[in-house]
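Just so it is clear, the model here is predicted, and its values are computed rather than measured.
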Amino acid sequence: EKMVMLNDMTLMSLTKLFFLDMKKRHDGVILNVSSTGAFQPGPYIAGYYASKTFVASYTRAVYEEAKEYGVRIYCLLPGLWQRISIAKVV
């Protein structure tokens, strides 16, 4: 429940807060961060995956509302990655 509040409700509140100012100026960029997990099942962490799905969907919806005001909104969807040692690269 806390995760949903943090990931989703906070995102909505902050997006609204910043969007209203950007809308007046007809300029601005919002970058939300989701995950590629938004598009795949997440056994045992379903709440996390559902929350990330919300972020992606919400961003798409606000994008449609914002574009007529010159405000751009994007959703970054990082995937799994593996850290490698710089010693292995060099």
Minimum heavy-atom distance S35-L77, with the two atoms named: O-CD2, 3.5 Å

Single hit among I73, I30, T15, V29 for side chain to side chain contact (heavy atoms under 4.5 Å, CB included) with M22: I30

Please say yes or no: joined through hydrophobic side-chain contacts below 4.5 Å, possibly via intermediate residues, are F54 and Y49 part of one cluster? no

Return the orientation label for the H26 and Y69 ring planes: parallel under 30°, perpendicular over 60°, tilted otherwise. tilted

Establish whether L14 and L20 are linked, either directly or via other cluster members, by ILVMFWY side-chain heavy-atom contacts under 4.5 Å. no

State the CE-CE distance between M5 and M12, to the nearest 0.5 angstrom. 10.5 Å

For the residue pair S51 and N7, what are the closest heavy atoms and their distance? OG-CB, 2.8 Å

Evaluation steps, side chain to side chain contact (heavy atoms under 4.5 Å, CB included), between D27 and V71: CA-CA 5 Å; D27 187 44; V71 177; over 6 Å; no

Might you confirm whether atom CE of M9 has over 12 heavy atoms from other residues, nucleotides or ligands at distances under 6.0 Å? no

Do you know the tightest heavy-atom contact between A38 and A56? CB-CB, 4.4 Å

Tell me whether L31 is reachable from Y58 by hopping between hydrophobic residues (I, L, V, M, F, W, Y) whose side-chain heavy atoms are closer than 4.5 Å. no

To the nearest 0.5 Å, atom NZ of K52 lies from atom CD of Q40 at 13.0 Å

State whether the number of non-hydrogen atoms from other residues, nucleotides or ligands found under 6.0 Å of F18 atom CZ is greater than 12. no

Nearest atoms (heavy-atom pairs only) where C75 meets T59: CB-CG2, 3.6 Å

Check whether M3 and I45 end up in the same hydrophobic cluster, where Ile, Leu, Val, Met, Phe, Trp and Tyr are linked by side-chain heavy atoms less than 4.5 Å apart. yes

Would one find more than 12 heavy atoms of other residues, nucleotides or ligands at under 6.0 Å from atom OH of Y63? no

